[in-house]
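All chains are named by letter (A, B, ...) in the order of the sequence lines, taking the proteins before the strands, and each is independently numbered beginning at 1.
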There are 2 protein chains.
Amino acid sequence: MEPDTDAPTSFTALQAAIAQRQNSLSPRLRQIAEYALSNPNDMALETVAQIAERAGVQPSALIRFSKTLGFDGFTEMQRVFRTRLTDNMPNYKERIRALTDGGPALSDASRVLEHFIDAGINALEHLRQELTATDLDRALDLLEGAEHIYVMGQRRSFPVAAYLGYALGRLGRRTVLLDGLGGMLRQQVQAITDRDLLVAISFKPYSEDTVEICRMAADNGVPVLGITDGTLSPIMPLAGVTLAVEDAQVKGFRSLTATMCMAVSLIVGLGQRLDKDKAGR
Amino acid sequence: MEPDTDAPTSFTALQAAIAQRQNSLSPRLRQIAEYALSNPNDMALETVAQIAERAGVQPSALIRFSKTLGFDGFTEMQRVFRTRLTDNMPNYKERIRALTDGGPALSDASRVLEHFIDAGINALEHLRQELTATDLDRALDLLEGAEHIYVMGQRRSFPVAAYLGYALGRLGRRTVLLDGLGGMLRQQVQAITDRDLLVAISFKPYSEDTVEICRMAADNGVPVLGITDGTLSPIMPLAGVTLAVEDAQVKGFRSLTATMCMAVSLIVGLGQRLDKDKAGR
DNA sequence: AGGAACTTAGAATAAATGTTCCCACCACTG
DNA sequence: CAGTGGTGGGAACATTTATTCTAAGTTCCT
């Protein structure tokens, strides 16, 4: 009797094994693989019959799946899924303790991640409190009413601008991402009219280009939607509507967590409005 | 026949119930109570026979114990022990889905924001639990050791790629953002050697370009760091190291909150390493 | 010391669960 | 078109598992 040399013993190994073989699996087994990865709790606790029903599969398929992965049977595979529950359980408390006590149990990298996660959660809670519904609505008014939307963000703010540019385009809005490619920035800005909208994203230290573009736009009567930090931003006086975000910050490094969250919310909020308008028309 | 009105339904309630009756229990049942409180994992996952043997008790005693607490049988009591595992190790997708499906059609903009904030916090907690320190360290090893770093992300993943490209450059790493500008994508990829690194960011629905570039790189022996979602991503089998992120999702719209948080953590973690190396030299 | 009430052990039982097996089905090949 | 290799469905099977039951044991009171 040969042993199952390739049967994973840890959950992460199992996860990797499933992911790796996904292409070589038959359709039904892939269906199980998908269910298993997204419902590991069920895999660990429910019975074969239950899992089979929820995944829309025959019980025997689950045994086939287990054997394909090198296990003796379903029971043996389920044991691995159960280790995930027991292994991660005490870790949770330990990790928090390690974080607060500054214990050496964690590597530097994961401690950084812990900090950013905590800071990110704080930033999101802060965002919830600080951002008023009226500001959001006014921002959406601008986005909805504009003929063309120009989005500008430099350096660290560029990813946000890129996301907004992409997502606004997908919503069917005429959108231009002012990326300054080929030094065409000022020419692009010349084309903006007062029926358009400039979305300017900038955080401290504020990009001079972005501030200048904002000023040009404001001088020409172009509406400006500013996404910036609340404290004394040069964008604020130039923008008709300002959305203030104080994003997470650890050791001087600013995260984009909360800003991205707000950007996505803007997009979805706008999408809903457009849907509603289309339906009401 | 009256129902079991006093059967605890939550683990904490069960814990309290056991502790309270500890004195009024018979010796053997108290023995079980002691074992149950100190080995809740076994109580949740093992069979009656196993638990009985480990606790030095007869199987039937466990059933009597359960009935004393007001349960119908051992199985029913075990269910409560199992809730402890699932409650502390929740399936985030379910939670996030419950958050969205449960809520009434998010009418106004601020409710959208609320949802994304909640979903974002959940995603960050998820990230905290699922991302292991070893994965993170291995990712940093790759980033630190590479001569050149190529970053690729399309569509919704592009903002993440843009951020990484920008931040890696600021850390002094030679970085190329594969933006496909002017259709030069494949030419750019030709230049990558096995001493470089490809960072590929892709989420469902996976960009065909990104997957293909990954495959090309993997075929040429180029190390690949994948940033993708955990469920059956085509990136995973191609990448040497994978960082799995399940980002927040509301009404089918995926946020970038958690992904960005992880990206920033990577950057700062790498920055720390580089500082340390410089100081130690 | 003897009996009543309660507790326990262990085999017997019934239910459920995992697993096997066989046939039908589909896609591909000669 | 028949053959072949792989895949899936579902019923039959064997095993495990929870539960019940009865007799023996223990404790405690009078």
Side-chain angles (χ1 to χ4, degrees), chain A residues 1-4 7-8 14 18 21-36 39-83 85, chain B residues 1 3-4 7-8 14 18 21-36 39-83 85 232:
Chain A
M1 167 174 45
E2 69 227 81
D4 300 309
L14 175 59
I18 294 176
R21 302 196 196 185
Q22 62 174 284
N23 292 324
S24 57
L25 289 176
S26 72
R28 199 43 51 95
L29 293 192
R30 193 176 312 175
Q31 182 180 347
I32 295 176
E34 206 161 323
Y35 185 87
N39 302 72
N41 282 350
D42 285 0
M43 296 297 288
L45 296 178
E46 299 298 321
T47 69
V48 171
Q50 287 282 332
I51 298 169
E53 190 187 338
R54 296 189 194 183
V57 188
Q58 284 292 327
S60 50
L62 281 168
I63 282 98
R64 275 201 297 268
F65 180 73
S66 308
K67 298 203 165 175
T68 306
L69 288 167
F71 294 102
D72 230 35
F74 175 80
T75 311
E76 200 182 319
M77 184 182 73
Q78 194 175 42
R79 190 174 303 133
V80 177
F81 275 97
R82 291 185 171 183
T83 62
L85 292 179
Chain B
M1 170 169 41
D4 303 308
L14 176 59
I18 294 176
R21 302 195 197 183
Q22 207 161 11
N23 294 324
S24 59
L25 288 175
S26 72
R28 199 43 49 96
L29 293 193
R30 191 177 313 175
Q31 184 180 345
I32 294 176
E34 212 163 311
Y35 184 87
N39 302 72
N41 283 351
D42 285 1
M43 296 296 289
L45 295 179
E46 299 299 320
T47 71
V48 171
Q50 286 284 332
I51 299 171
E53 189 186 338
R54 296 188 193 183
V57 189
Q58 283 291 328
S60 52
L62 281 167
I63 282 97
R64 277 187 288 124
F65 179 74
S66 306
K67 297 202 166 175
T68 307
L69 287 167
F71 294 102
D72 229 35
F74 175 79
T75 310
E76 200 181 318
M77 184 182 73
Q78 195 176 42
R79 190 174 304 134
V80 177
F81 275 96
R82 291 186 171 183
T83 62
L85 292 180
L232 294 188

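- When side chains are defined from C-beta on, B:Leu14 counts as touching B:Phe71, because their heavy atoms get closer than 4.5 Å.
- Protein atom CG of B:Leu62 is 9 Å distant from nucleotide atom P of D:dA18, rounded to whole Å.
- Remark: C1' of D:dT26 and CZ of B:Arg28 are 11 Å apart, rounded to the nearest angstrom.
- For the residue pair A:Leu69 and A:Met77, the shortest heavy atom distance occurs at CD1-SD, 4.0 Å.
- Between B:Arg30 atom CZ and D:dT27 atom P there is a gap of 13 Å when expressed in whole angstrom units.
- Counting to the nearest Å, the P atom of D:dT17 and the CD atom of B:Gln50 are 8 Å from each other.
- Each end of the helix from C:dA1-D:dT30 to C:dG30-D:dC1 yields a helix axis from five base pairs, and these two axes differ in direction by 10° (to the nearest 10 degrees).
- Distance alone, capped at 3.5 Å, is enough to place a donor-acceptor pair between the A:Gln78 side chain and the A:Glu46 backbone.
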Could you go step by step and tell me if A:Arg28 and A:Gln31 meet the side chain to side chain contact (heavy atoms under 4.5 Å, CB included) rule?
-> CA-CA 5 Å; A:Arg28 199 43 51 95; A:Gln31 182 180 347; 3.0 Å; yes
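- We find that CG of A:Leu29 is positioned 13 Å from C1' of D:dG9, with the value rounded to whole Å.
- Using a 4.0 Å heavy-atom criterion, one finds that B:Ala49 contacts the sugar-phosphate atoms exclusively.
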Would you sort out whether A:Asn39 and A:Arg54 count as a side chain to side chain contact (heavy atoms under 4.5 Å, CB included), showing the intermediate values?
-> CA-CA 10 Å; A:Asn39 302 72; A:Arg54 296 189 194 183; over 6 Å; no
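- Distances shorter than 4.0 Å separate none of the side-chain N or O atoms of B:Lys67 from OP1 or OP2 on D:dT19.
- Heavy-atom distances to DNA chain C give each of B:Leu25 and B:Ser60 a nearest nucleotide, and the one nearer the 5′ end belongs to B:Leu25.
- Between B:Ile51 atom CD1 and D:dT17 atom C1' the separation is 12 Å, expressed in whole Å.
- Taking the 5' to 3' direction, DNA chain C first and last meets chain B under 4.0 angstrom from a heavy atom at C:dT7 to C:dG10.
- In this structure a side-chain-to-backbone donor-acceptor pair under 3.5 Å is present from A:Arg82 to B:Leu45.
- Residues A:Asn41 and A:Leu85 have side chains in contact (heavy-atom distance under 4.5 Å, counting atoms from C-beta outward).
- Rounded to whole Å, the distance from CZ on A:Phe65 to C1' on D:dT7 is 16 Å.
- For B:Ala52 against B:Pro59, the heavy-atom pair with the smallest separation is CB-N, 3.6 Å.
- As rounded to whole Å, 11 Å separates atom P of D:dG10 from atom CZ of A:Arg64.
- The number of heavy-atom neighbours closer than 6.0 Å to CD of B:Glu53, taken from other residues, nucleotides and ligands shown, is 12 or below.
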